[in-house]
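Throughout, residue positions are numbered sequentially from 1 according to the sequence presented.
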Amino acid sequence: MAKAPPSISLLLILLLSTTVFLTLPASISSIGVNYGTLGNLPPPTQVANFLKTQTSIDSVKIFNVNPDIIRAFAGTGISVVVTVPNGDIPALANGVEARRWVSANILPFHPQTKIKYISVGNEILLSGDDNMIKNLLPAMKNLNAALVRAGVKDVKVTTAHSLNIIAYELNGAPSSGRFRPGWDKGVLAPILAYHRQTKSPFMVNPYPYFGFDPKNVNFAIFRSPYKAVRDPLTGKVYTNMYDTLMDSTYSAMKALGYGDVDIVVGETGWPSACDAPWCSPENAAWFNLNIIKRAQGQGTPLMPNRRFETYIFGLFNEEGKPGPTAERNWGLFRSDFSPVYDVGLLTNKQGGGGGGLPAPALPTPSTAAGGKWCVAKPEATDAQLQGNIDWVCSQGGVDCKPIQTGGLCFNPGSVRAQASFVMNAYFQKNGRTDGSCNFSGTGVIVGNNPSNGACKY
């Protein structure tokens with residue numbers, strides 16, 4: 001049986017024990033969460049009731065079209081974003097299939113369940129799958145046409161993008177942000193034109209966690225002291241990485257003539273635990289508190305006072321997820337509904353949060369510049385290594401084209417070789433810290449370059 005969330009008095013005792021105090025917002029008018037289901041989690045009906053009766057969360061985003069979840073939110077007033085599985089996209093480029101999909105997955109539940117958006121796949125451009133990429137916009141158009149044909153006017157169709165679509169530099173000027181060549185005019189401009197035409201939002205997943213400078217961690221998590229970034233073209237000073245990501249996205253959209261299209265934050269967050277010193281409940285809480293402020297209308301330097309519909313990742317810690325420790329520790333809540341940390345989303349409190357003392361200083365991460373590579377441990381199983389590949393290539397912010405057909409590291413006969421390549425790419429991207437090679441104990445750091453022929457690590 002699920003436990004009720006602890007009272008604010010118990011929560012304050014827990015916070016006191018860590019000597020960290022967080023100033024919580026006086027009220028939160030609107031915030032969404034990503035509701036993943038990998039783990040021993042409570043049934044959807046309990047989840048829906050908890051969100052309705054004990055939190056100010058008013059929207060959820062799910063990564064499928066699970067009918068039990070969709071049905072559970074009927075009558076709650078909580079809006080739902082459903083996701084078309086990536087593998088279904090090519091079929092939906094056919095109009096008849098799109099109409100069948102809407103008939104099976106939307107019409108039986110809406111409007112009893114407030115389905116707000118259909119996200120066609122998740123981070124399709126990051127997948128590198130040319131067949132899915134070329135069919136993405138046709139599928140979006142067909143689903144929208146199917147909704148119109150069925151008389152559904154309040155469900156919009158979009159797709160969620162990883163910010164690898166931006167040619168972004170850590171110390172670059174956000175005002176000069178541009179989409180990657182090849183994707184800008186050929187893929188993203190037509191998608192943005194579709195969004196303008198249908199008044200649907202451009203959905204992005206800005207994750208500072210997957211691209212920050214380990215030497216400037218505080219810049220990624222809204223803490224002081226930090227090394228600020230000044231945009232030499234606008235004179236705007238950036239005190240955090242999230243704002244640079246958002247303004248780089250806006251600048252890229254504006255450069256193509258679509259600065260008027262709404263932006264929705266489909267995913268963002270910070271893990272409360274990982275294999276590195278910068279993950280803690282305090283840091284995760286501080287990050288998400290600042291995200292909530294921006295969602296309420298604080299905006300960014302190039303988009304001041306702008307509200308961003310935002311979906312925090314995620315609702316629960318998902319114990320069933322593969323990959324590094326962080327993957328199982330993104331949640332606001334545990335499976336018994338108790339909070340991992342408090343960001344003011346619970347409505348059954350008797351008081352407010354405290355404020356004053358700073359969080360403890362972060363330990364200095366290991367950033368040694370010597371020859372270090374991350375490879376699969378000899379005892380790791382193929383199943384574990386395939387899980388690493390799937391995670392790194394879908395959520396790790398790594399370009400996996402080299403291990404795909406035609407790539408220099410394509411080796412379909414060796415899961416181990418392909419896993420070692422992507423694990424090392426993640427390791428190098430994240431500052432070569434020991435924790436970024438953990439992969440639930442399946443990775444090991446070596447001093448000899450494992451490059452093989454044209455496959456360069």
Side-chain angles (χ1 to χ4, degrees), residues 30 32 58-65 70 79-86 88-107 109-111 113-125 132-163 165 179 183-206 246 249-267 303 306-311:
S30 177
D58 67 352
S59 51
V60 297
K61 179 168 159 279
I62 62 175
F63 294 93
N64 49 39
V65 281
I70 299 172
S79 63
V80 178
V81 182
V82 299
T83 301
V84 175
N86 289 2
D88 290 356
I89 290 173
L92 296 177
N94 178 291
V96 173
E97 289 301 318
R99 291 194 290 274
R100 288 175 179 164
W101 192 95
V102 167
S103 294
N105 297 292
I106 303 298
L107 300 186
F109 309 105
H110 184 77
T113 298
K114 291 175 57 177
I115 299 174
K116 188 171 187 178
Y117 303 125
I118 299 170
S119 175
V120 182
N122 188 51
E123 301 185 341
I124 296 303
L125 273 65
M132 284 197 291
I133 292 171
K134 75 177 182 181
N135 285 300
L136 176 59
L137 182 56
M140 293 169 68
K141 289 181 175 179
N142 283 340
L143 287 171
N144 184 70
L147 291 168
V148 171
R149 179 171 176 160
V152 178
K153 299 180 181 179
D154 55 348
V155 178
K156 299 295 184 181
V157 180
T158 184
T159 185
H161 300 280
S162 160
L163 282 197
I165 60 174
F179 294 122
W183 289 348
D184 50 358
K185 297 179 181 178
V187 179
L188 292 166
I191 287 176
L192 286 163
Y194 159 83
H195 286 312
R196 176 185 283 165
Q197 178 186 1
T198 61
K199 296 181 173 57
S200 55
F202 188 65
M203 185 177 286
V204 295
N205 298 341
M246 293 296 289
T249 302
Y250 169 72
S251 297
M253 296 168 64
K254 188 176 179 182
L256 291 178
Y258 296 98
D260 58 310
V261 173
D262 282 342
I263 299 173
V264 165
V265 177
E267 295 178 36
M303 297 178 283
R306 185 164 170 177
R307 287 180 177 270
F308 298 109
E309 185 178 348
T310 300
Y311 296 80

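Residues Lys61 and Met203 form a side-chain contact, since some pair of their non-hydrogen atoms from C-beta on lies under 4.5 Å apart. Between Leu147 and Ile118, the closest side-chain pair of non-hydrogen atoms falls below 4.5 Å. Using a 4.5 Å heavy-atom cutoff, the side chains of Leu136 and Val187 are not in contact. Within the 4.5 Å cutoff, the side chain of Asp88 has no heavy atoms near those of the Glu97 side chain. Taking the side chain as every heavy atom from C-beta outward, His161 and Ile191 approach each other to under 4.5 Å. Contact of the Tyr117 side chain with the Val264 side chain is registered, since non-hydrogen atoms from C-beta on lie closer than 4.5 Å. Proximity of His195 to Met253: side-chain heavy atoms (C-beta onward) are nowhere separated by under 4.5 Å. Side-chain contact between Asn105 and Val84: absent, with no pair of heavy atoms (C-beta onward) separated by less than 4.5 Å.
Side chain of Ser200 to backbone of Thr158: no donor-acceptor contact under 3.5 angstrom is found. Formation of a donor-acceptor pair under 3.5 Å by the Asn205 side chain with backbone atoms of Ser162 is not found in this model. In this structure, the side chain of Thr159 engages the main chain of Val120 through a donor-acceptor pair within 3.5 Å. Listed for the Tyr194 side chain is a donor-acceptor partner under 3.5 Å among the backbone atoms of Val157.
The neighbour count for Lys156 NZ, taken as heavy atoms of other residues, nucleotides or ligands under 6.0 Å away, is above 12. Counting heavy-atom neighbours within 6.0 Å of Arg149 CZ, excluding the residue itself, gives a total of 12 or less.
Between Ala193 and Tyr258, the closest heavy-atom pair is CB-OH, 3.4 Å. Listed here is the closest heavy atom pair of Ala160 and Ser119: N-OG, 3.5 Å. Shown here for Gly266 and Tyr311, the closest heavy-atom pair between the two residues is O-CB, 3.2 Å. In terms of heavy-atom proximity, Asn86 sits nearest to Met132 at O-SD, 3.1 Å. Contact record, Asp58 with Gly32: OD1-N, 4.4 Å, taken as the closest heavy-atom pair. Nearest heavy atom pair, residue Leu256 against residue Lys185, reads CD2-CG, 4.2 Å.
Summarising the geometry, atom CG belonging to Asn64 is positioned 11.5 Å from atom CG belonging to Asn122; distances are rounded to the nearest 0.5 Å. With rounding to the nearest 0.5 Å, the separation of CG in Leu92 from CG in Asn135 is 9.5 Å. Here the CG atom belonging to Leu143 is positioned 11.0 Å from the CZ atom belonging to Arg99, to the nearest 0.5 angstrom. Between the OG1 atom of Thr83 and the CZ atom of Phe63 there is a distance of 6.5 Å, given to the nearest 0.5 Å. Here the OG1-CD1 distance, from Thr249 to Ile263, works out to 6.0 Å after rounding to the nearest 0.5 Å. Rounded to the nearest 0.5 Å, atoms CG (Leu107) and CH2 (Trp101) are 10.0 Å apart.
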Practice task
I would like to know whether Lys116 and Glu309 meet side-chain contact (heavy atoms from CB on, under 4.5 Å); could you show each step before the answer?
Solution key: CA-CA 12 Å; Lys116 188 171 187 178; Glu309 185 178 348; 3.2 Å; yes
Exercise for the section: Might you work through the side-chain contact (heavy atoms from CB on, under 4.5 Å) test for Val65 and Ile70, ending with a clear yes or no? Expected result: CA-CA 7 Å; Val65 281; Ile70 299 172; 4.3 Å; yes
